[in-house]
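Just follow the structure's listing: the first ligand is 1, and inside any ligand the first atom is 1.
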Amino acid sequence: MSAHGDPIPMTARRSGPLRGEAVVPGDKSISHRALILGALAVGQTRISGLLEGQDVLDTAKAMRAFGAEVTHEAPGDWTVQGVGVGGFAEPADVIDCGNSGTGVRLIMGAMATSPVSATFTGDASLRKRPMGRVTDPLALFGTRAFGRQGGRLPMTLIGAADPVPVRYVVPVPSAQVKSAVLLAGLNAPGETVVIEREATRDHTERMLAGFGATLRIEEAPEGRAIVLTGQPELVPQTIAVPRDPSSAAFPVAAALIVEDSDVLVPGIGLNPTRAGLFTTLREMGADLTYENEREEGGEPVADLRARFSPAMTGIEVPPERAPSMIDEYPILAVVAAFASGPTMMRGIGELRVKESDRIAAMAAGLRACGAEVEEGEDWMIVHGLGAGGLPGGAVCAPHLDHRIAMSFLCAGLAAQKPVSVDDAGPIATSFPIFEGLMTALGAEFDRGDA
Ligand SMILES: O=C(O)C1=C[C@@H](OP(=O)(O)O)[C@@H](O)[C@H](O)C1
Ligand SMILES: C=C(OP(=O)(O)O)C(=O)O
């Protein structure tokens, strides 16, 4: 089933060259944060380029439920009239975050130190994902959480009426956990310290500073420490959301594997905590260049140009790079199937707790398409078959996971026989224009199984 309706089976066929410009939507991580911090500021925040995917729309709806006025002004243009730090009202109904781990975890953090209660739920995928990683540190502030066994949704949080500041070392590399603790720290008196052993995406820190919060980054014995001073008055901002590197990954990868392709993907955010895939592809021998490098809204941005790369070779991806490309391993696994030799991906255990178990889903689908894949708890090896070498001819199951669906549809554009997914519906959570954008480049997609 798709997240919001009947399943939408879709098939991708071997396509002629992909050519043209692929203008992908706004960054999903930054879009969630712009709405949440806008809701916590005093006054009106203006956002342009907001991703209007279902995950972000669910966060917009949640911010309204907590009392912020969120208005859709024009495509991509939104305003948020914030209620101030500590100003959240108690929602009258259950907060449904749909398919979005980022949405539910960041919103839990944002409400955790206000004297309100809220009950959270989500779709069948989100209800399987662990929330204890967020509610454990929130308990240190005084927040109480009551969920299903194993810390699963639906879950009710009772915000701490008298929150205390916290020092917390994040035990897993997770920007969502880091961000939830920082957002909770906003309404605690004194300094909240969040320490991460491995640097993860830093959009929350950057945006908190932009909204006028006082925070500094220090080296602690355990790693990178973010020290946030609580109870600031956040100043509303004008935010231009850069285009999403995690969405850009799909037209880029498709161009690399489809014969004679040449695709320009303009205006992509290349924050170093997000750009690991592009470094990896270049190490594999991809013809991928950065043009017109610049800075926009405090984030590095460039136009990406990707051309068919028949001589890519498998590599060992450095495990320390994983946080900067964590959502890109599914599409990397597809590119690896069209490179020669093995591509080794280690340190990727977090993939098992995403919208689906992404190691299992990719291994199963690629094997069904004729590739040899080895996997372990936190690693995967894809044995590449070279350009045009993947047999294809399979129906793959995305398990309510947008990135798995898009990855197999890209594989089908270069495989010998068509590749289908049993439900492309979840693609709307992060990249609602995927089908039209790829079709305009020359991708051959049909609704339905092959
Ligand atoms: O903070 C964020 O916006 C995100 C963090 C990552 O999740 P984890 O924090 O679980 O690693 C990533 O997979 C997700 O797509 C977005
Ligand atoms: C993991 C992802 O999102 P989330 O955790 O927000 O559901 C993703 O978009 O790949």
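Ranking protein heavy atoms by distance to atom 10 (O) of ligand 1, first place goes to Lys354 NZ, 3.2 Å. For atom 3 (O) of ligand 1, the nearest non-hydrogen atom of the protein is Ser29 OG, 2.7 Å. What sits closest to atom 3 (O) of ligand 2 on the protein, heavy atoms only, is Glu355 OE2, 2.9 Å.
In this structure, of Glu355, Glu328, Gln176, Arg274, the residue bringing a heavy atom nearest to atom 5 (C) of ligand 1 is Gln176. For atom 1 (O) of ligand 1, the choice among Arg33, His32, Arg105, His203 with the nearest heavy atom turns out to be Arg33.
For Thr214, the side chain to side chain contact (heavy atoms under 4.5 Å, CB included) test picks out Thr229, with sequence neighbours left out.
Using a 4.0 Å cut-off between heavy atoms, Arg129 contacts ligand 2 through its side chain alone, with no backbone atom that close. Counting heavy atoms closer than 4.0 Å to ligand 2, residue Thr102 contributes atoms from both its backbone and its side chain. Contacts between His32 and ligand 2, counted as non-hydrogen atom pairs separated by less than 4.0 Å, are absent for every part of the residue. Contacts with ligand 2 closer than 4.0 Å are made by backbone heavy atoms (N, CA, C, O) of Asn99 only, the side chain lying farther away. Using a 4.0 Å cut-off between heavy atoms, Lys178 makes no contact with ligand 1 at all. Only the backbone of Pro173 comes within contact range of ligand 1, with a heavy atom under 4.0 Å; no side-chain atom does.
The N/O atoms of Arg403, backbone and side chain alike, include none that comes under 3.5 Å of an N/O atom in ligand 1.
Glu191 has no carboxylate O lying under 4.0 Å from a charged side-chain N of Arg167, or vice versa, which leaves the two without a salt bridge.
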